[in-house]
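One structure is given below, encoded as structure tokens.
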Amino acid sequence: LNSYDSAVEKKNIFGKIIAAIDKSNDVFSDSPEIALIAADSVYHKLEGLKKESKPQENLANVNEVISRFSKTNILKDTSTYDESYAWVCGAYETRLKINYESENIEDVLKDFKTINNICLPIFEKHSFDFYLHSKILKAYQHTGKLLFEKDRFQEAKPILEYTSRWGRK
């Protein structure tokens with residue numbers, strides 16, 4: 001999609017791709033695999049349009065991604081490794097970052113809690129997943145930094161210490 005010049009063209013192409021996948025999703029509504037393809041398509045739409053879109057539009061797109069990922073049942077059983085864990089956690093980290101950039105501390109903290117409750121335990125089981133851990137570290141980094149900037153030092157300290165242990169500042 002890099003060959004398209006305008007955001008309107010990109011949105012149009014992504015819209016057609018997602019509409020085509022949605023038809024399959026409707027027919028195979030009980031298929032987590034088709035739901036995963038649909039979620040991944042919307043995630044790529046978000047990534048492809050992030051720079052050209054306004055924060056509210058990006059927030060709406062990432063909320064759609066998270067909603068679609070919830071239909072995949074990917075997090076139902078995390079005992080077996082799946083690279084899709086990084087995609088799901090990446091969506092939460094993306095939403096956290098959008099809220100961080102808007103200095104929306106309460107929503108940052110909600111996603112930080114979700115990442116701690118869902119993504120961190122998955123990483124503890126599958127600690128070799130560099131991409132998953134990268135998403136978690138970014139979430140910690142943004143959350144700690146925002147708390148620090150808002151003079152909430154006691155809350156920021158353990159979060160920033162965690163990122164520091166992993167070589168992030």
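What you see is a predicted model; the values in this text were computed from it and never measured.
Ring pair Phe153/Phe148 is perpendicular by interplanar angle, where above 60° counts as perpendicular and below 30° as parallel.
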*Verdict with supporting geometry, Asp129 and Tyr81, side chain to side chain donor-acceptor pair (under 3.5 Å)*: CA-CA 9 Å; Asp129 190 335; Tyr81 175 72; 3.0 Å; yes
*Run the numbers on Ile105 and Thr143 for side chain to side chain contact (heavy atoms under 4.5 Å, CB included), then give the verdict.*
CA-CA 8 Å; Ile105 188 79; Thr143 304; over 6 Å; no
*asked:* Walk me through whether Tyr100 and Glu149 qualify under side chain to side chain contact (heavy atoms under 4.5 Å, CB included).
replied: CA-CA 11 Å; Tyr100 162 79; Glu149 290 168 355; 4.2 Å; yes
*Is there a salt bridge (Lys or Arg N to Asp or Glu O under 4.0 Å) between Glu93 and Lys97 once you walk through the steps?*
CA-CA 6 Å; Glu93 183 271 325; Lys97 184 178 180 200; over 6 Å; no
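The neighbour count for Gln56 CD, taken as heavy atoms of other residues, nucleotides or ligands under 6.0 Å away, does not exceed 12. In Phe128, the CZ atom is crowded: over 12 heavy atoms of neighbouring residues, nucleotides or ligands sit closer than 6.0 Å.
Here the two rings, on Phe112 and Tyr140, have centers that are under 6.0 Å apart.
Hydrophobic clustering (side-chain heavy atoms under 4.5 Å, transitive across Ile, Leu, Val, Met, Phe, Trp, Tyr) groups Ile136 together with Ile74. A continuous path of hydrophobic side-chain contacts links Leu147 to Trp166 [ILVMFWY only; heavy atoms under 4.5 Å]. Under a hydrophobic-cluster definition in which Ile, Leu, Val, Met, Phe, Trp and Tyr are linked whenever side-chain heavy atoms come within less than 4.5 Å, directly or via other members, Leu160 and Tyr162 are assigned to different clusters.
The closest side-chain donor-acceptor pair between Ser102 and Asn104, if any, does not fall under 3.5 angstrom. There is a side-chain donor-acceptor pair under 3.5 Å between Lys125 and Thr78.
Among all heavy-atom pairs drawn from Ala156 and Gly144, the shortest one is CB-O, 3.5 Å. The minimum heavy-atom distance linking Pro55 with Ile98 is given by the pair O-CG2, 3.9 Å. Scanning both residues, Thr163 and Leu137, for their nearest heavy atoms gives CG2-O, 3.9 Å. Scanning both residues, Ile115 and Ala139, for their nearest heavy atoms gives CD1-CB, 3.4 Å. Of all heavy-atom pairs spanning Asn116 and Pro121, the tightest one is O-CD, 3.1 Å.
The backbone N or O of Glu124 sits nowhere less than 3.5 Å from a side-chain atom of Ser127 that would complete a donor-acceptor pair.
Every residue was checked against the ring-ring contact (aromatic ring centres under 6.0 Å, His included) condition with Tyr92, not counting sequence neighbours, and none meets it. Checked against side-chain contact (heavy atoms from CB on, under 4.5 Å), Lys150 has the following partners two or more places apart in sequence or in another chain: Glu103, Leu146, Arg152. Every residue two or more places apart in sequence or in another chain was checked for a side chain to side chain donor-acceptor pair (under 3.5 Å) with Asn117, and none qualifies.
The NZ atom of Lys54 lies 8.0 Å from the CD atom of Glu57; values are rounded to the nearest 0.5 Å. Distance CG/Leu59 to CZ/Arg95: 7.5 Å, rounded to 0.5 Å. To the nearest 0.5 Å, atom CG of residue Asn99 and atom OG1 of residue Thr94 are 11.0 Å apart. One distance of note links OH of Tyr85 with SG of Cys89; it measures 10.0 Å at 0.5 Å rounding.
No side-chain heavy atom of Ile66 sits under 4.5 Å from any side-chain heavy atom of Val88. In this structure, Leu132 and His126 have side chains that are not in contact, with every pair of non-hydrogen atoms separated by 4.5 Å or more.
Remark: Glu161 does not engage Arg165 in a salt bridge, criterion side-chain N to carboxylate O under 4.0 Å.
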